[in-house]
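Everything numeric in this text was worked out from a predicted model, so none of it was measured. Sequence lines set the chain letters: A, B, ... in the order given, protein chains first and strands last, and positions in each chain run from 1.
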Amino acid sequence: MTIVRLGYVAMSMELKNASPSQTMTFTQFQKIKDREAAIRKLEQISLSNLEHTLRLLKHNVFKEIHFYRLSSRLIPLANHEELPDWNYIKPLSEKLIEIGAYARKHNIRVDFHPDHFVVMNSPKTEVVKNSLKTLRLHYLLLKGMKIDPTHRCVLHVGGNYNETEKSLEQFVDNWMDVPRAIQKMIMLENDDTSFTVDDTLYLCEKLEIPLVFDYHHHLAHHYYEKWEDKWDRIVATWKDSPLPIKMHISSPKSEKEFRHHSDYVDVDMFFRYLKEIKGTVPEIHCMIEAKKKDEALFKLMEEIKHREDVEMIDGSSFYLK
DNA sequence: GGTCGTCAAGGGGTG
DNA sequence: CACCCCTTGACGACC
């Protein structure tokens, strides 16, 4: 028997006026003559993003959802090179503590997925430096929430540069210069164009990083690999983690636009996968990456609650019998 | 109140 | 090497 718990990404289709990703571009920032006023505006937006995050967590509790991906755009321009003197954490510290306390109290697993401009295997030192800056932001946010940062931040391997082996070794080289505290925060995910499960496993096993299996990416980019043969090794990358194994689940938009995320998750596709892993792990958390966000989660739960091979636990989790 | 262009980033792909 | 596309949500301008 396996417990399956579902989560969703960043924003809710139900909760109105609650974007955790409001922003200000550098172009807009520069148009404000008074630099101090512009920074205060950034702080206002950030605080609003955090307040919306807290509202989303409360919405999650009401809907019995215990897995949530925080927005990686909580603080606009936090890493901008023109704002090195801005202590963006300080004015937010109270709200961060409140968010962290709420998540802990209600047992909500939170994590991050910075966008694909974080490229840890880039041959360009500037790119790696900026990537580290972004990771540091994520680390400070988690620390500010008083949440253990271990395995809270999922990344792609990075660029392939038409040389898979070389680009994997570049990752290893660059990894050696990453501070230990940041290293421990990272998980790696197989992607849909550059690095297969096999490629990603190579890094995860060598560097002791948990692998987040993305089923949709695998279907889009696997050559002749069968994920089923590697499942035990994927599970093993989580053996020292304080958190249960997690994965990503989404469905192709169409045959033609296979890589794009569909509005909802195809229940048959999901269960073809679950059938294979049943009993291999006591618990698995599945992050739903669908255009319709939490609405996709609710729809999926509606579709599976009548199945004979499941027993419902709450609004977002069930036993797989 | 819809629709379109803009903003940011790095990689990927084309010519 | 030049160029445009990918992706994402927000947001402003426009009718």
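Asn160(A) comes within contact range of the sugar-phosphate backbone alone, with a heavy-atom separation under 4.0 Å but no base atom that close. At the heavy-atom level, Lys31(A) lies nowhere under 4.0 Å from the strands shown.
Spacing between atom CD of Glu81(A) and atom P of dA8(B) amounts to 12 Å, rounded to whole angstrom units. For the pair His80(A) NE2 and dC7(B) P, the computed distance is 13 Å after rounding to whole Å. As a whole-Å value, the separation of Lys41(A) NZ from dA10(C) P is 15 Å. Rounded to whole Å, the distance from CG on Leu77(A) to P on dC11(C) is 13 Å. Rounded to whole Å, the distance from CD on Glu163(A) to P on dG12(B) is 12 Å. What separates CG of Asn17(A) from P of dA10(C) is a distance of 11 Å, to the nearest Å. The distance from atom CD of Gln28(A) to atom C1' of dT6(B) is 10 Å, rounded to the nearest whole Å. Spacing between atom CG of Leu42(A) and atom P of dC7(B) amounts to 17 Å, rounded to whole angstrom units.
The side chain of Thr27(A) approaches dC7(B) more closely than any other nucleotide in the set dA10(C), dG11(B), dC7(B). The side chain of Thr25(A) lies closest to dC7(B) when the candidates are dC7(B), dG9(C), dG12(C). In this structure, of dA10(C), dC7(B), dG12(B), it is dA10(C) that holds the atom nearest to the side chain of Ser19(A).
Atoms NE2 and CG, on His52(A) and Leu47(A) in that order, are 10.0 Å from each other to the nearest 0.5 Å. Expressed to the nearest 0.5 Å, how far CG of Leu74(A) lies from OG of Ser46(A) amounts to 8.0 Å. Residue Arg5(A) holds its CZ atom at 7.0 Å from CG of Asp314(A), rounded to the nearest 0.5 Å. Atom-to-atom distance recorded for Cys286(A):SG and Ile277(A):CD1 is 6.5 Å, nearest 0.5 angstrom.
Ion pairing of Glu303(A) with Lys299(A) is present here, as a side-chain N (NZ or NE/NH1/NH2) and a carboxylate O approach within less than 4.0 Å. Looking at Asp111(A) and Lys246(A), a side-chain N of the basic residue comes within less than 4.0 Å of a carboxylate O on the acidic one, giving a salt bridge. For Lys129(A) and Glu126(A), the salt-bridge test passes: some basic side-chain N is under 4.0 Å from an acidic carboxylate O.
Partner of Tyr8(A) under the ring pair (Phe, Tyr, Trp, His ring centres under 6.0 Å) criterion, chosen from Phe67(A), Phe298(A), Tyr264(A), Tyr68(A): Tyr68(A).
Side-chain nitrogen and oxygen atoms of Tyr161(A) include none within less than 4.0 Å of the OP1 or OP2 phosphate oxygen of dG12(B). Dashed line: the shortest gap from a side-chain N or O of Thr193(A) to OP1 or OP2 of dG12(B) is not under 4.0 Å.
In the region residues 121-141 of chain A, proximity to DNA chain C at under 4.0 angstrom, judged on heavy atoms, holds for none of the residues.
Not less than 6.0 angstrom separates the ring centroid of His260(A) from the ring centroid of His216(A).
Counting only N and O atoms by type, the side chains of Asp191(A) and His116(A) include no donor and acceptor under 3.5 Å apart.
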(request) Summarise how protein sits on nucleotides 1-7 of chain C as a single string, 5' to 3': B when a protein heavy atom is under 4.0 Å from the base, S for sugar-phosphate-only contact, - for no contact. (result) ------B

